[in-house]
Participant: 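What follows is a structure written as structure tokens; I'll ask about it next.
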Number of protein chains: 2
Amino acid sequence: MNANIHIVEDEQSIVTLVEYNLSKEGFKVNSSTNGENGFKAIKDTNPDLVLMDWMLPDLSGVEICKLLKKNDKYKNIPIIMLTAKGEEEDKVKALNIGADDYITKPFSFPELLARIKALLRRSKPSVAEDIISFGDLKIDRITRKVYRANKQIDLGPTEYNLLDFFIKNPKRVYSREQLLTNVWGDNINVESRTVDVHIRRLRQAINLEGTKDLIRTVRAAGYSLDN
Amino acid sequence: MNANIHIVEDEQSIVTLVEYNLSKEGFKVNSSTNGENGFKAIKDTNPDLVLMDWMLPDLSGVEICKLLKKNDKYKNIPIIMLTAKGEEEDKVKALNIGADDYITKPFSFPELLARIKALLRRSKPSVAEDIISFGDLKIDRITRKVYRANKQIDLGPTEYNLLDFFIKNPKRVYSREQLLTNVWGDNINVESRTVDVHIRRLRQAINLEGTKDLIRTVRAAGYSLDN
DNA sequence: TATTTTTGTAATAAAACTGTAACAGTTTTG
DNA sequence: CAAAACTGTTACAGTTTTATTACAAAAATA
């Protein structure tokens, strides 16, 4: 599975553990250790799912959840609340404020994974699907193969990730910065111009002689997968 | 989000902080550090929302708020009052004098942002919407595409921004100076006649053969998106 | 470890966009 | 009606942004 997950959690041990395991499953994981940054990062990177601690240093997970669910633009991002308490009433409260699921610490990783997958399948089929298409472009996440007009195409790792990201939100324009955080990951130090080069490599790979460029350049804004 | 926000606040640190964060969110921000200039600037630039300090060197925020709310032309601009005091009675007072919301310092940026967005959604849907139409003209901020009569149109960055600005307040006339500060940004050094040229480019792009010009020239005043 | 693949950057080329000035045309004013 | 004020249009040089290429370093693979 190839989804962007954001974790907002102040206990470093949990972050490390979950981050490690989710990465191994193929997820792209970013994290924040307090509410303020978490909220900002979620809006910036538009993750496919959020794991959030109930209690947080400054802005609580409950607050962030409420804020996100109030906003049309973000309310569809599924949120799983993590909490130390196992009270039934908290669960009710969590669901009331709009959280999509609720899991008590300590939890087993397989349990967490199952819930994540269930939510993603429900809320963002394109993220959970094994095979996604856009026009005559097809990407198979199980075999990690990409096809254009039924012909297989070879892509390097970065180009593959780039395409996988684009295809989840076709036609939407992403800035170089957004692409860097979503495809390369957080706190990585790469020139934004580097995106251009990978865009070129991706174009070279997926475009067919004589057909329209599948990647649209939007001057002063970024790129989008389009046709 | 693409809205023009004006801040009237004498504490430079707050201005800097808020300005920086709002810019990153995509807002276009201008600011004044005293009441006199603030009042003038608000009338001049017609922002989509105003953040105003309760106490100000000369003309107090309370006064400005009252003045604006008394004037039909400006009373619909949402105003958020910033104050150091957290008294409940002040909140009542703020709302009484016409402020639309009230936030006490120190405040967290996410909280401010949430309130700003909530207000904008309520008062100026066209600022918060992803897709806006004016007649058979449509602008999609996600894909950054513009359509006239369902046919896609190519616009350069400046023309796109210009149209995006016009469409938020259709029919309203903007002077060249207003357009410069709102579309180009503050403290930029561009001849006001340059606006003419971009207006021409925009016209050329969006107008259809045989139909009325969508941009109206108002002699000695400026331009408006009209029909 | 040697070989191959992938990656990021910098340099350069190409393309798109911008602002200005000049002049033409139009409307208003005296 | 002539002068003045304002707007429309055009061309173009300069600037900014994007495309392309080559290459060295890093990473993966054999």
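Residue numbers start from 1 in every chain, and the chains themselves are labelled A, B, ... in the order their sequence lines are given, proteins ahead of strands.
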Participant: At the 4.0 Å heavy-atom cut-off to chain B, mark where contacts on DNA chain C begin and end, going 5' to 3'.
Facilitator: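 Contacts span C/dC17 to C/dT28, reading 5' to 3'.
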
Participant: Does A/Val197 or A/Arg193 map to a spot on DNA chain D nearer the 5' end, using the closest nucleotide for each?
Facilitator: A/Arg193

Participant: List for me each residue that meets salt bridge (charged side-chain N to carboxylate O under 4.0 Å, His left out) alongside A/Asp213, sequence neighbours excluded, and say none if there are none.
Facilitator: A/Arg203

Participant: In whole Å, I'd like the distance from the NE2 atom of A/His198 to the P atom of D/dT20.
Facilitator: 15 Å

Participant: Can you see whether B/Tyr160 has B/Arg144 sitting over its ring - NZ or CZ less than 6.0 Å from the centre and within 45° of the normal?
Facilitator: yes

Participant: Answer with base, sugar-phosphate or nothing: what part of the nucleic acid does B/Arg176 contact at a heavy-atom distance below 4.0 Å?
Facilitator: sugar-phosphate

Participant: Tell me whether the centres of the aromatic rings in A/Phe166 and A/Phe134 are closer together than 6.0 Å.
Facilitator: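 Centroid distance A/Phe166-A/Phe134: not below 6.0 Å, so no.
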
Participant: Of the residues in residues 214-227 of chain B, which ones touch DNA chain D at a heavy-atom distance under 4.0 Å?
Facilitator: B/Thr217, B/Val218, B/Arg219, B/Ala220, B/Tyr223

Participant: Measure CD1/A/Ile199 against C1'/D/dA19 and give the value in whole Å, please.
Facilitator: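 My rounded result for the distance is 12 Å.
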
Participant: Holding to salt bridge (charged side-chain N to carboxylate O under 4.0 Å, His left out), I want the full list of residues that pass it with A/Glu191, two or more places apart in sequence or in another chain.
Facilitator: none

Participant: Under the criterion side chain to side chain contact (heavy atoms under 4.5 Å, CB included), which of B/Thr143, B/Ile142, B/Asp140 is the partner of A/Arg172?
Facilitator: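 So, applying the side chain to side chain contact (heavy atoms under 4.5 Å, CB included) to A/Arg172 and each of B/Thr143, B/Ile142, B/Asp140, only B/Ile142 qualifies.
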
Participant: Are the charged groups of B/Glu111 and B/Arg115 less than 4.0 angstrom apart, N to O?
Facilitator: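 Here B/Glu111 pairs with B/Arg115 in a salt bridge, since their nearest N and O are under 4.0 Å apart.
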
Participant: With no hydrogens and no angle check, is any side-chain donor or acceptor of B/Asn34 less than 3.5 Å from a backbone partner on B/Asn37?
Facilitator: yes

Participant: Name the orientation class of the two ring planes belonging to A/His198 and A/Trp184 (parallel below 30°, tilted from 30 to 60°, perpendicular beyond 60°).
Facilitator: perpendicular

Participant: For the helix from C/dT1-D/dA30 to C/dG30-D/dC1, measure the angle between the helix axis at one end and the axis at the other, each built from five pairs, rounding to 10°.
Facilitator: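 Helix axis angle between the two ends: 30°.
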
Participant: Between A/Asp48 and A/Lys168, does the salt bridge (Lys or Arg N to Asp or Glu O under 4.0 Å) criterion hold? Intermediate values first, please.
Facilitator: CA-CA 10 Å; A/Asp48 299 309; A/Lys168 284 190 289 193; 3.0 Å; yes

Participant: How many angstroms lie between CG in A/Asp136 and CG in A/Asn150, if you round to the nearest 0.5 Å?
Facilitator: 8.0 Å

Participant: Using side chain to side chain contact (heavy atoms under 4.5 Å, CB included) as the criterion, point out the one residue from A/Ile167, A/Asn182, A/Ile199, A/Leu225 that pairs with A/Leu162.
Facilitator: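 So, applying the side chain to side chain contact (heavy atoms under 4.5 Å, CB included) to A/Leu162 and each of A/Ile167, A/Asn182, A/Ile199, A/Leu225, only A/Ile199 qualifies.
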
Participant: Please determine if A/Asp226 and B/Lys145 form a salt bridge, counting it only when a charged side-chain N lies under 4.0 Å from a carboxylate O.
Facilitator: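 A salt bridge is present here (some side-chain N lies under 4.0 Å from a carboxylate O).
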
Participant: Which of residues 158-173 of chain A sit near DNA chain D, with a heavy atom under 4.0 Å from it?
Facilitator: none

Participant: Using a strict threshold of under 4.0 Å (side-chain N to carboxylate O), is an ion pair present between A/Glu11 and A/Lys105?
Facilitator: yes

Participant: It should be established whether A/Arg201 places a side-chain nitrogen or oxygen under 4.0 Å from OP1 or OP2 of nucleotide D/dT20.
Facilitator: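 For D/dT20, neither OP1 nor OP2 has a side-chain N or O of A/Arg201 closer than 4.0 Å.
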
